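Quick notes on the structure that follows.
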Amino acid sequence: MKILLVEDDRLLSATLAKVLEANHYAIDRAFDGEAALELATAVEYDLILLDVQIPKLDGISLCRKLRSQGYRKPILLLTGNDSDADVVAGFDAGADDYISKPYATDVLLARIRTLLRRSQALSPENSTNNPSANTLTWGNLCLDLDSGRVTFGEQVISLTAKEYNLLELFLRNPDRIFSRSAILDRLWGFDDAPSDRAINTHIKDIRKKLKAGGLTAEILDTVYGMGYRLKPRPQSAPSDSNNSDTDSTAKHQSPVADKSALDKLLKRFRGTFNQQVAVLEQAKTALLAGNLETELQEAAKNEAHKLAGSLASFGYPEGSKLGRSAEHLLMKDRPFTAQEIARFSEVVTALQQELVKPPVTSTAASLPTMLSHRLLVVDDDPALTERLKIESEAWGLRIKIAPNLAAARSRMALSMPDVILLDLSFPETEEDGLTLLRELTERSPNLPIIVFTGRDTLADRLAVSRLGAKQFLHKPATTEQIFQAISRVLPKTQTLQAKVLIVDDDEAVLAHLSALLTPWGLEVITLTEPQRFWEMLLKTSPNLIILDLSMPQVNGLELCQVVRQDVQWGDLPILVVTAHTDADSLQQAFAAGADDFITKPVLGPELVTRVLSRIDRTHRLLKSGNT
């Protein structure tokens, strides 16, 4: 679990951070309210531990500001003054609890555990169906949240704090694939994150310690090209669970199809959408009464802007159009006509009716995939950015969120992304997104930038074009349209019009693999009759072969051996596709000459990553051999 500790007393902050880390919490620290606000809106925390008396922006004001922005995580106030007035002010500002200084460490930890249990992070829908809300289990493996102990049966397994946190993360999210960047975001501090390689080491150490403690079954899956996930919980004792076919089938459920995660996200933000529409309802009432004040009009315009940008991504494309209409109507700097008032009233009523309907389910084909690039989204709409964050891993993207221009600059000071999605309008600052675009053009002229905005004048488009942005994307847009725009501007691996020959007796599999590879500029040749393999090889001269191992008449192992025995084709890259991942099957495949293997069902990012990297590596070897 990750906590933001906001305390300006650096000695007290360091001491408290050590105590929390010793109890398996990951800690980020801020020493003033403005820094805390930036971190809280840029990083996902499970709880904020907030001192009331801090510089720049006091704790009560910070709490109130976060709640006004829709922040829902628990906030625990640390206060040196527990007078009734101060306590009431804290609760009214949105705090969940408070503790007075000086406090006993055990009491503070107990308060933190209680708040986390109440929060969404520990709600039943995010648990692993354990009989106790304070334990997480996988077969006979048990992680006790109160004591911080991990046991397998009666055997205690000693883990470091980071290993404990990693295991807890996977047990809490049994259906989610975590990329290395996502793990770094969740478990390390803002300034002390190690390299991606450190994740590999921690995963390896966890596996080794669990095995030494008696857990012989593999608990964590490596989903190549994407990250790690928890294997399905065994039906019997883990020591008896060693069915590789079952594990292989379960581990490759595509995250694109993880509808439950999106449903949970919609459930989380439905209240926010209703609150935004409520502000429009207030503006409607004031308009009909003839007393719409400038402040309410501006607030309603901002909420309409957010609705227009995000509702389509949650299955309400008509809602986005209505939000855009409301925003345009509220841009008036003159008295409203009777016709405009009537139209605005109709739009608000239609929005209310729209949100009562179930969301429209996307029927789009499987999404195109891409390699792991770093995406920075600079946008102040939390509903939209959360949706992008959930879907980004299915597209092979490592995503960071910056809710304002200052946070974007802080992110880029730490690490430059490969592509930026940039909004132009930020109501809480006079600064315009064009300012950041101008800075980036001067600093990194080759960095692909997509402007994603509700502004659609010719002047805006000209300014964006002159400043060198690669794409102009108008809100609202679906997440698929957004990711497709990103895929168009990202540099593709040079495939040199490469040809890929796929041999499989299942036509559906061939169509699926072809659809995954074709968007990357590859020429895909498919063959359902393995007995015609040599004829097709000589006819097409592919740069890479993908073979199904299990085929009638002639199997993939035999075809692999035939290729390796030929002088001309002996070095041709070969990937084998198999549903069998047991050691014997893989050993046979490699002995026959396979370069790599892909398990069925095939994940798009895994397939694309392996194919492109093999072709690129072969090309580089040939190029170096000719120089």
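Being a predicted model, the structure only gives us computed values, none of them experimental.
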Check: T435 side chain, E431 main-chain N or O, donor-acceptor pair, under 3.5 Å: no
Full working for side-chain contact (heavy atoms from CB on, under 4.5 Å) between Y25 and I112: CA-CA 11 Å; Y25 296 109; I112 290 173; 3.8 Å; yes
Flag if over 12 foreign heavy atoms under 6.0 Å of CD, Q352: yes
Chi angles and distances behind the side-chain hydrogen bond (donor to acceptor under 3.5 Å, both in side chains) call for T15, R10: CA-CA 9 Å; T15 303; R10 291 179 180 267; over 6 Å; no
R67 to G94 - nearest heavy-atom pair and separation: NE-O, 2.9 Å
Check against side-chain contact (heavy atoms from CB on, under 4.5 Å), D46 and I3: CA-CA 6 Å; D46 297 293; I3 293 177; 5.7 Å; no
Check: L169 and N165 side chains under 4.5 Å, non-hydrogen atoms: no
Atom pair CG (L421) and CG (L473), whose distance is rounded to the nearest 0.5 Å: 7.0 Å
Partner set under salt bridge (charged side-chain N to carboxylate O under 4.0 Å, His left out) for D9, not counting sequence neighbours: none
Evaluation steps, side-chain contact (heavy atoms from CB on, under 4.5 Å), between K321 and Y316: CA-CA 9 Å; K321 294 177 184 177; Y316 293 99; over 6 Å; no
pair Q69-T41: side-chain heavy atoms closer than 4.5 Å: yes
Check ion pair E168-R172 (N to O, under 4.0 angstrom): yes
Donor-acceptor side-chain pairing of R72 and T272 below 3.5 angstrom: yes
Any side-chain heavy-atom pair of D28 and K2 under 4.5 Å: yes
Residue pair T349 / K284, side-chain donor-acceptor N/O under 3.5 Å: yes
L388 vs L375 side-chain heavy atoms within contact, under 4.5 Å: no
Salt-bridge criterion met for R398 and D418 (N-O under 4.0 Å): no
Lys/Arg N to Asp/Glu carboxylate O, D97 vs R111, below 4.0 Å: yes
Gap separating the CG atom of L39 from the CG atom of L4, nearest 0.5 angstrom: 6.0 Å
Gap between atom CG of L307 and atom OG of S325 - 0.5 Å precision: 12.0 Å
R334/E340 salt bridge by N-O under 4.0 Å criterion: yes
Which atom of D8 lies closest to which atom of Q53, heavy atoms considered: OD1-O, 3.3 Å
Donor-acceptor contact below 3.5 Å, side chain H474 vs main chain G454: yes
Side-chain touch R455/L434, heavy atoms, less than 4.5 angstrom: yes
Donor-acceptor under 3.5 Å (D96 side chain, I75 main chain): yes
Heavy-atom side-chain contact between V52 and Y98 under 4.5 Å: no
Nearest-0.5 Å distance, CG of residue D379 to CD1 of residue I401: 8.5 Å
CA sep, side-chain torsions, deciding dist, call: L384, I482, side-chain contact (heavy atoms from CB on, under 4.5 Å): CA-CA 11 Å; L384 173 66; I482 294 169; 4.3 Å; yes
Side chain R324, main chain K475, donor-acceptor under 3.5 Å: yes
From CZ (F472) to CZ (F452), nearest 0.5 Å: 10.5 Å
Donor-acceptor contact present, side-chain Y164 to main-chain L143, <3.5 Å: no
Exercise: do E480 and Q484 side chains pair donor with acceptor under 3.5 Å: yes
Short side-chain to backbone donor-acceptor contact, R64 and S68, under 3.5 Å: no
Backbone of L437 reached by a side-chain donor or acceptor of T441 within 3.5 Å: yes
S444 side-chain N/O to L447 backbone N/O, donor-acceptor pair under 3.5 Å: no
Pair R409 + E439: basic N to acidic O under 4.0 Å: yes
Basic-acidic side-chain contact under 4.0 Å: K18, E21: no
Pairwise distance CG(L47) to CG(L50) - rounded to 0.5 angstrom: 10.0 Å
Check: E163 side chain, T160 main-chain N or O, donor-acceptor pair, under 3.5 Å: yes
pair I60-L77: side-chain heavy atoms closer than 4.5 Å: yes
Short side-chain donor-acceptor distance under 3.5 Å, S61 and D58: yes
Salt bridge present between E38 and K65 (N-O < 4.0 angstrom): no
Side chains of E327 and E303 in contact at under 4.5 Å (non-hydrogen atoms): no
Main-chain N/O of V6 paired to D51 side chain as donor or acceptor, under 3.5 Å: no
